Amino acid sequence: MPAGNPNESKRTRTDRPRLRYAPSPTGDPHVGNIRQAVWSWLHAKRYGGDFIVRLEDTDQSRAQEGADKRILDSLRWLGVEWDEGPDIGGKYGPYIQSQRLDLYHDHIATLLKNNAARRCFCSPDRLTEIREEQQANKLPPGIRDCCDISPEDANTRAAAGEPHVVRFKTPREGTTVATDLLRGDISFENSTLDDFVLLKSDGFPTYHLAHVVDDHAMDITLVTRGEEWISSLPRHALLFDAFGYDRPEYAHASVIRAPGGGKLSKRDGAKSVLEYAEEGYLPETLLNFLCLTGWGHGDQTLFSRDDLLSLFDMGDITLASATFDHEKLAWLNGTYIRALEEDIFASSLRRRLELDLPVDVPRPLDDALIESIAPLIQERITLMTDAVSLVDFFWQSQIDTPPPEDFLTKKWRDRGREASATLAQVSARLNDLTDASWTTPEIEQLLRNLAEELGLKAGELLSLVRTAVTGKRISPPLFESMEIVGKGLVVERIIAASSALS
Ligand code: GLU
């Protein structure tokens, strides 16, 4: 047990925690949603338990084609592994709610038999009328006594195929107390609750019913989800009680806020994990970042996957809303990029460049070339997507020399001719280097000597050469780059720049 965690034994109720991530396949899950998955996985693994993925697809109208695959891809990309799930099955399967309808119908039958639920045949107009009345009388919203039909009549009408829903018969009096790991006991007056729908007229269960049935059937011990579910918690508690099932523990996490304090919009960072992948973030970064957004361990900022697996406890997540910190995200990514083993960085670079280099560059990219370029930029980029604009010149057959006024350092501005003459000298000198001498130190020596000879500052000469060879103001280290580009091409580029500037 970690230090400073006195309540831990209270928190981990069972010997074998089972936590689940239960996304609805209605789109790509954004980072806040995936954070719950990551936390559930870490907590389960830390305490030797299971992590389960269950697809909650009972709202058929909102289902989005391919979303299930992208949800699993997001987890895989982050390195989150599940023990049971829609793709791998498991002994509590199936893990897709639309394949478990019989189970929900059995539960509905039980509740109807016990008079804990009722069929409701109210038309949408009737429900609107009730809501308007409640509003006018300043009564709490929510459908309660909407239709008074005997169970026998209701069954007859249902058997005749009349469309209807099934509602829970919520007690009108008393208090429902539900416990949250982070917030303690929360009390809800039953008089403020409604007869919520359990089974929709399309025969599909609502979230309320399906997840309660499944969390029980799958032996889930701890549920973590966003705080927006707290208002529904008494419904779920009442349902567990109505079935005579033990309730799981709950930890409702605070939402991630935008830097200004408001709701996190897409622009502020509420993007999907796969979008971050496309933008050049590393999985290590996102994993570390998501965990740190709402959880911490002392003042440590860098957490490897193994650190997280051995340190994370759901009881330690903070109640205060965490802010999405872009600077930290970028800083973490640069840090993780620099920390990558050279060969791992080289293979990430190859994958990235194969996506980002122009289509006319032949794939696959040459391994030896990638391996020689990688160390030149590993320290210089924050995102993997920064790479292409730094290194594309290695693959260009021709460098477009920009006009002196918008490219060259001050020294050469409006002095195209002088620049051109200088480059002509550079190309002649470089051309005299033998192939064996085409090495970083000899190129450097040559150019520094030449600058002195010409009465130029080294930087003035080098900026000119950099422009000619790379087409950029900022590039990877110049001498190393020249060595890699090779003598023939370097000389050719410098001659081309010289004539463009004349
Ligand atoms: N399907 C629900 C959602 O995606 C799950 C909420 C929960 O974790 O209970 O919001």
Side-chain angles (χ1 to χ4, degrees), residues 17-44 49-64 66-72 74-75 80 82 84-86 92 94-101 103-104 107 178-183 186 196-198 200 204-240 243 245-256 263-264 270 272-273 290 294 314 317:
R18 288 179 51 84
L19 285 83
R20 52 47 167 198
Y21 172 48
S24 302
T26 53
D28 286 1
H30 74 70
V31 285
N33 181 282
I34 285 284
R35 183 185 66 166
Q36 301 303 128
V38 169
W39 282 350
S40 297
W41 165 64
L42 292 172
H43 186 93
D50 302 315
F51 175 59
I52 295 115
V53 177
R54 180 176 76 220
L55 286 178
E56 302 207 322
D57 63 342
T58 58
D59 191 347
Q60 298 275 301
S61 62
R62 289 176 60 225
Q64 209 190 76
D68 47 352
K69 181 176 175 297
R70 292 178 62 84
I71 289 168
L72 299 183
S74 307
L75 296 176
V80 171
W82 48 103
E84 300 159 34
Y92 296 81
Y95 296 87
I96 302 181
Q97 287 189 325
S98 59
Q99 296 173 11
R100 300 170 64 82
L101 296 182
L103 185 67
Y104 311 129
H107 279 76
T179 309
D180 180 277
L181 191 63
L182 309 165
R183 299 156 211 260
I186 313 176
F196 55 96
V197 176
L198 299 167
K200 297 177 279 184
F204 278 84
T206 56
Y207 161 71
H208 302 305
L209 177 73
H211 94 280
V212 164
V213 168
D214 285 344
D215 282 349
H216 171 76
M218 296 181 178
D219 277 341
I220 301 302
T221 60
L222 170 58
V223 170
T224 181
R225 55 187 179 186
E227 65 188 345
E228 68 275 16
W229 291 111
I230 292 180
S231 58
S232 298
L233 184 58
R235 296 174 169 145
H236 307 156
L238 286 166
L239 263 181
F240 274 103
F243 290 124
Y245 295 156
D246 283 343
R247 304 176 194 169
E249 283 191 299
Y250 289 94
H252 291 88
S254 303
V255 295
I256 305 176
K263 191 173 179 286
L264 193 69
S272 77
V273 163
L290 288 180
M314 200 72 77
I317 62 177

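Order of appearance sets the numbers: ligands from 1, and atoms from 1 within every ligand. Since we're looking at a predicted model, the values are computed, not measured.
A donor-acceptor pair shorter than 3.5 Å cannot be found between the side chains of Tyr95 and Asp214. Side-chain contact of Asp219 with Thr221: a donor-acceptor pair under 3.5 Å is absent, judged by distance alone.
Those atoms of ligand 1 with a heavy atom of Glu56 less than 4.0 angstrom away are 1 (N), 2 (C), 5 (C). Each of the following atoms of ligand 1 lies closer than 4.0 Å to a heavy atom of Arg20: 7 (C), 8 (O), 9 (O). Within ligand 1, counting atoms from 1 as listed, the ones closer than 4.0 Å to a heavy atom of Ser24 are 1 (N), 2 (C), 3 (C), 4 (O).
Protein heavy atom nearest atom 5 (C) of ligand 1, with residue, atom name and distance: Ala22 O, 3.2 Å. Atom 10 (O) of ligand 1 has Trp229 CZ2, 3.5 Å as its closest protein atom, hydrogens excluded (heavy atom only).
Counted within 6.0 Å of CZ on Arg62, heavy atoms from surrounding residues, nucleotides or ligands total 12 or fewer; the atom is thus considered open.
Checked by distance only, ligand 1 and Tyr207 come closer than 3.5 Å through their nitrogen or oxygen atoms.
Taking the ring axis of Tyr92 as reference, the NZ or CZ atom of Arg18 stays within 45° of it and closer than 6.0 Å to the ring centre.
To the nearest 0.5 Å, atom OG1 of residue Thr58 and atom CG of residue Leu209 are 9.0 Å apart.
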